[in-house]
**Student:** 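The structure's right below; bear with me while I get my questions together.
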2 protein chains.
Amino acid sequence: MAVRHYTLDFNLSAPADLPATVRGLQSIFQEQEMTETVHDTEGHGYLATFIGKNGRFAVLRVHSRGLVTFDLQCCDDDDMAQIDNLLNTLEKKLKALLHGNIRRSKRLPALVRGGKVDKYWPTADGRLVEYDIDEVVYEEDSAYQNIKILHSRQFGNILILNGDVNLAESDLAYTQAIMGSGKERYAGKEVLILGGGDGGILCEVVKLKPKMVTMVEIDQLVIEGCRKHMRKTCGNVLDNLKGDCYEILVEDCVPILKKFAEEGRTFDYVINDLTAVPISTAPEEDSTWEFLRLILDLSIKVLRPTGKYFTQGNCVNLTEALSQYEEQLGKLSCKVDFSKEVVCVPSYMELWVFYTIWKK
Amino acid sequence: MAVRHYTLDFNLSAPADLPATVRGLQSIFQEQEMTETVHDTEGHGYLATFIGKNGRFAVLRVHSRGLVTFDLQCCDDDDMAQIDNLLNTLEKKLKALLHGNIRRSKRLPALVRGGKVDKYWPTADGRLVEYDIDEVVYEEDSAYQNIKILHSRQFGNILILNGDVNLAESDLAYTQAIMGSGKERYAGKEVLILGGGDGGILCEVVKLKPKMVTMVEIDQLVIEGCRKHMRKTCGNVLDNLKGDCYEILVEDCVPILKKFAEEGRTFDYVINDLTAVPISTAPEEDSTWEFLRLILDLSIKVLRPTGKYFTQGNCVNLTEALSQYEEQLGKLSCKVDFSKEVVCVPSYMELWVFYTIWKK
């Protein structure tokens with residue numbers, strides 16, 4: 001079961017005529033056979049709750065400082081025509097009762113609570129957004145994280161890791177941005193991808209005839225889910241862990257990076273597509289920032305002098321997190337410079353910052 | 001004033017042990033000095049409401065079919081640390097009480113109700129989305145519509161007409177799409193823009209050295225607001241109604257189109273940037289579709305045989321509205337063909353369909 005939660009709010013220019021408003025609405029609730037309870041708010045305005053048939057529950061609040069809020073909760077198998085009718089009647093009546101005193105009214109789309117499919121995946125900057133998700137395609141708890149692939153009508157399948165929207169099939173813009181926005185020549189080059197279990201980067205790089213791509217993804221279950229359900233993103237590159245010009249290592253990238261650094265193995269491009277808070281089998285560092293810096297330091301070590309390091313940063317609104325990241329770049333054992341680009345990734349519902357980093 | 005409305009929901013695998021759950025939470029509400037009212041739901045589960053200090057109001061529902069919902073409303077000047085603490089405590093306690101029985105839990109970003117700035121502008125397909133809006137820059141009721149220009153931290157200023165997000169300063173992608181996605185040569189051409197009061201199309205077309213652009217926008221107040229507050233979109237083209245190669249007519253486009261058609265005046269490009277439900281000073285037609293078809297018919301009449309007509313369609317999810325529009329295209333007095341393209345317009349939070357139409 002799920003609950004549909006409707007809200008209807010009025011901002012007033014002046015406090016409402018409370019007795020008139022309450023009296024004016026009474027007949028509507030009576031017609032709906034809703035049982036009223038008036039609560040003592042200890043001086044914080046008028047508050048009444050109503051219980052109706054089919055478990056319907058409503059709250060009417062008239063705040064002393066010019067705000068009227070109305071809530072209606074009903075089960076999702078309730079009669080929606082009746083519910084719409086009740087809301088329409090109330091809205092019309094309240095507009096008549098508060099006539100001339102309304103600065104703004106707002107009736108939002110119903111919040112669906114506890115629905116079979118969860119459609120609400122807040123943005124990185126903490127905003128509430130509803131997706132057009134109609135199906136859970138894949139869901140697993142791996143040793144590392146919760147993995148979901150959900151189907152969006154407009155974006156195709158969306159990979160969600162620990163509740164964060166990672167990539168949708170619509171998001172070629174993400175993959176292009178983290179590969180340098182079409183300004184790089186990958187032909188004949190050696191490339192290291194950190195993370196990237198959705199296969200998007202690997203798929204696009206392989207098309208450009210690199211010499212060799214090494215991808216290090218920790219989570220076998222991400223690869224399996226995406227191989228099956230994100231084929232618009234990964235094509236067939238995840239069907240085998242080895243191809244003509246690529247190899248996928250299903251391992252923690254930190255020991256691999258250390259090994260490469262020790263061996264003096266280097267790359268023309270290092271693309272860091274790890275999750276925002278990277279996962280490790282054995283994090284040695286105290287804080288996320290130190291761990292991020294360790295990966296950065298190791299990545300720069302395995303980068304050729306003329307090489308480039310690409311990574312996604314954060315949403316454009318989290319300016320503090322972006323500054324902190326840039327601060328870390330100043331603390332690396334090898335001096336680096338960087339540039340950044342703001343890109344619209346369709347399924348993110350927020351603009352995203354991508355970094356290009358190179359040795360000074 | 002505004003109300004912050006928090007929700008915290010649990011989907012259960014099996015019905016909850018009601019007495020244990022309710023008893024387990026009691027101490028939390030008592031500590032918070034919240035007064036409880038238990039309601040008779042006539043067999044629709046457990047429902048209790050709580051009134052606390054500062055006008056705080058909470059609702060706990062334990063539905064019989066495995067869903068627990070909790071609501072907390074508080075004023076936006078309440079102590080947010082206390083509120084967070086209450087929610088954290090409740091979430092932790094509920095997770096402990098329902099241990100092993102939780103399929104999913106969800107705590108959404110608070111809904112801000114009646115806030116000074118309205119951040120919720122639902123998508124065309126009816127989804128709830130919160131924008132990062134921090135300021136009302138311009139608001140007017142013209143003779144035709146409600147005009148708002150709101151500032152978004154990431155998208156810049158956003159033009160909202162009658163509650164519909166029209167265009168943000170971030171949305172060059174929209175303007176490029178409705179101009180044919182860079183595949184057209186405007187140099188030396190004659191162009192007619194219907195609507196387009198934000199100046200985006202005019203600004204971009206003028207850069208391409210057309211012979212003459214005629215823009216017909218009904219609403220002087222849209223032009224004024226955008227001239228002042230959407231300069232990233234319109235540049236300086238709205239500073240004067242006449243330029244070297246353009247003219248803006250502040251008029252209803254229907255009589256103008258009729259006049260052009262009578263005079264035999266034709267254009268290489270007609271770009272229809274009218275709002276979804278176009279505004280007219282004197283609509284003659286019975287239905288929106290008939291009115292849309294009238295504009296289409298007239299537009300095709302003033303289009304040269306080799307010309308192209310561009311317009312925005314709708315969000316990609318409203319497949320029925322898109323089909324109906326395409327049906328209209330089959331009913332025009334002059335036979336036409338069309339193609340469509342799906343484009344990501346950053347501030348829309350949904351993919352949008354654009355049409356190119358030409359004479360067969």
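Order of the sequence lines fixes the chain letters, A, B, ..., with proteins taken first and strands second; residue numbering starts at 1 for each chain.
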**Student:** Can you list everything that forms a side chain to side chain contact (heavy atoms under 4.5 Å, CB included) with A:E341? Sequence neighbours excluded, please.
**Tutor:**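 Per chain and number, A:E341 pairs via side chain to side chain contact (heavy atoms under 4.5 Å, CB included) with A:S181, A:V343.
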**Student:** Most heavy-atom pairs under 4.5 angstrom with chain B, which of A:N54, A:V68, A:V342?
**Tutor:** A:N54
**Student:** Counting heavy-atom pairs under 4.5 Å with chain B, which one of A:N11, A:V345, A:L128 comes out on top?
**Tutor:** A:L128
**Student:** Can you say whether A:Y131 sits under 4.5 Å from chain B via the side chain, the backbone, both, or neither, judging by heavy atoms?
**Tutor:**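 Answer is backbone: N, CA, C or O of A:Y131 sit under 4.5 Å from chain B.
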**Student:** Where does B:N317 contact chain A at under 4.5 Å (heavy atoms): side chain, backbone, both or neither?
**Tutor:** both
**Student:** Output all residues satisfying salt bridge (Lys or Arg N to Asp or Glu O under 4.0 Å) with A:K340, sequence neighbours left out; order by chain, then residue number.
**Tutor:** A:E326
**Student:** For B:R103, is it the side chain, the backbone, both or neither that has a heavy atom under 4.5 Å from a heavy atom of chain A?
**Tutor:**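 B:R103 has no heavy atom closer than 4.5 Å to chain A.
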**Student:** Who among A:D118, A:I51, A:T37 has the most heavy-atom pairs with chain B under 4.5 Å?
**Tutor:**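 Max contact count across the listed options: A:D118.
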**Student:** At what distance, to the nearest 0.5 angstrom, does CG of B:D40 lie from OG1 of A:T35?
**Tutor:**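 Atom-to-atom, B:D40:CG and A:T35:OG1 are 8.0 Å apart.
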**Student:** Name the orientation class of the two ring planes belonging to B:H39 and A:F57 (parallel below 30°, tilted from 30 to 60°, perpendicular beyond 60°).
**Tutor:**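 Perpendicular.
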**Student:** If we ignore hydrogens and angles and just use 3.5 Å, is the side chain of A:R113 paired with the main-chain N or O of B:K106 as donor and acceptor?
**Tutor:**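 Not confirmed, A:R113 side chain does not pair with B:K106 backbone.
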**Student:** So which atom in A:P122 and which in B:P109 form the shortest heavy-atom distance, rounded to 0.1 Å?
**Tutor:**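 For A:P122 versus B:P109, the nearest heavy atoms are CG-CD, 3.6 Å.
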**Student:** Can you tell if the side chain of B:L108 reaches within under 4.5 Å of the side chain of A:L111, non-hydrogen atoms only?
**Tutor:**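 The answer is yes; the side chains approach within 4.5 Å.
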**Student:** Who among A:A173, A:C344, A:C75 has the most heavy-atom pairs with chain B under 4.5 Å?
**Tutor:**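 Answer, by heavy-atom pair count under 4.5 Å with chain B: A:C344.
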**Student:** Sort by residue number and list every member of residues 147-160 of chain A having a non-hydrogen atom under 4.5 Å from chain B.
**Tutor:**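 Near chain B, by residue number: A:R153, A:Q154, A:F155.
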**Student:** Measuring heavy-atom distances to chain A, does B:T49 have an atom under 4.5 Å in its side chain, in its backbone, in both, or in neither?
**Tutor:**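 The answer is the side chain of B:T49.
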**Student:** Could you note down all residue pairs passing salt bridge (Lys or Arg N to Asp or Glu O under 4.0 Å) where residues 120-134 of chain A supplies at least one of them, sequence neighbours left out?
**Tutor:** A:D125-A:R127, A:R127-A:E350
**Student:** What closest approach, in Å, do A:T69 and B:Q73 show between heavy atoms, and which atom pair accounts for it?
**Tutor:** OG1-OE1, 4.4 Å
**Student:** Need one label for B:V316: side chain, backbone, both or neither, based on atoms under 4.5 Å from any heavy atom in chain A.
**Tutor:** side chain
**Student:** Can you tell me which portion of A:R65 sits under 4.5 Å from chain B's heavy atoms? Options are side chain, backbone, both or neither.
**Tutor:**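 Contact with chain B: backbone and side chain both.
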**Student:** Chain B: which of A:L351, A:T41, A:V3, A:T123 shares the most heavy-atom pairs with it under 4.5 Å?
**Tutor:**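 With the most close heavy-atom pairs to chain B, the winner is A:L351.
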